Amino acid sequence: MNLNLPHDHNTNIKSVLAKMPDNEKFINAAEIFQKLGDPTRLKILWILCHSRECVSDIAAAIGMSKAVISHHLQLLKRADLVKTQRIGQEIHYSFNDSLPEANLLHATIESIFNITCPTIDEKF
């Protein structure tokens with residue numbers, strides 16, 4: 001990469017810029033952070049990191065309508081942070097722990113809240 005930077009501060013900026021990810025990766029990361037920029041979606045994601053739940057239970061837990069929670073869940077699903085499973089006539093949502101970036105995000109959220117995951121005796 002042939003950069004003509006206006007100043008030479010004897011830093012490693014050229015080698016850093018040579019390894020900078022392409023713009024698409026920054027766009028994808030920004031979109032995920034934008035979806036997490038809402039406290040309701042963070043609550044939903046935190047719940048789903050620890051439990052598989054239906055819309056009705058999430059709505060009751062958070063104190064919002066099922067329609068509002070469904071909207072937030074769809075945004076999280078489009079970001080590939082949650083996955084769905086049909087059980088009978090219900091759709092259950094859970095954290096997409098198969099995505100490495102989602103697991104890193106989970107750990108980051110736990111770190112920001114300065115809490116550890118609740119102990120779960122039963123796997124779903």
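Residue numbers count from 1 along this sequence. What you are looking at is a predicted structure, and each value in this text was computed from that prediction instead of being measured.
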May I ask whether Phe26 and Ile13 are part of the same hydrophobic cluster, defined by side-chain heavy atoms of I, L, V, M, F, W, Y residues being less than 4.5 angstrom apart, directly or through others? yes

Here the gap from Leu105 atom CG to Cys49 atom SG, rounded to the nearest 0.5 Å, amounts to 7.5 Å

In this structure, CD1 of Ile47 is separated from CG of Leu42 (nearest 0.5 Å) by 11.0 Å

How close do Thr84 and Tyr93 get, counting heavy atoms only, and between which atoms? CG2-CE2, 3.4 Å

Looking only at heavy atoms, which two atoms of Leu48 and Leu73 are closest? And how far apart? CD1-CD2, 3.7 Å

Rounded to the nearest 0.5 Å, how far apart are CD1 of Ile44 and NE2 of His72? 5.5 Å

Residue Gln85 excluded, over 12 heavy atoms near CD under 6.0 Å: yes

When rounded to the nearest 0.5 Å, the distance separating CD1 of Ile62 from CD1 of Ile69 is 4.0 Å

Do Leu75 and Asp38 have side chains that approach each other closer than 4.5 Å (heavy atoms only, starting at C-beta)? no

Pairs touching residues 53-79 that satisfy salt bridge (Lys or Arg N to Asp or Glu O under 4.0 Å), sequence neighbours left out: none

Are Trp46 and Val68 linked, directly or through intermediate hydrophobic residues, by side-chain heavy-atom contacts shorter than 4.5 Å (ILVMFWY only)? yes

May I ask whether Ile91 and Leu76 are part of the same hydrophobic cluster, defined by side-chain heavy atoms of I, L, V, M, F, W, Y residues being less than 4.5 angstrom apart, directly or through others? yes

Any heavy-atom pair between the side chains of Leu45 and Arg41 that's under 4.5 Å? no

Within this structure, what is the CD1-CD1 distance for the pair Ile32 and Ile27, rounded to the nearest 0.5 Å? 12.5 Å

Between Asp80 and Asn96 the two heavy atoms that sit nearest each other are O-ND2, 2.9 Å

Testing the basics here: between Ala102 and Phe95, what is the closest heavy-atom pair and its distance to 0.1 Å? O-CZ, 2.9 Å

Examine distances only and state if a side-chain atom of Asp22 and a backbone atom of Lys25 form a donor-acceptor pair shorter than 3.5 Å. yes

So salt bridge (Lys or Arg N to Asp or Glu O under 4.0 Å) across residues 96-107, not counting sequence neighbours, yields Lys83-Asp97

Approximate separation, where rounding is to 0.5 Å, of His106 NE2 and Leu99 CG: 13.5 Å

So, the side chain of His71 versus the backbone of Ala67: is there a donor-acceptor pair under 3.5 Å, distance only? no

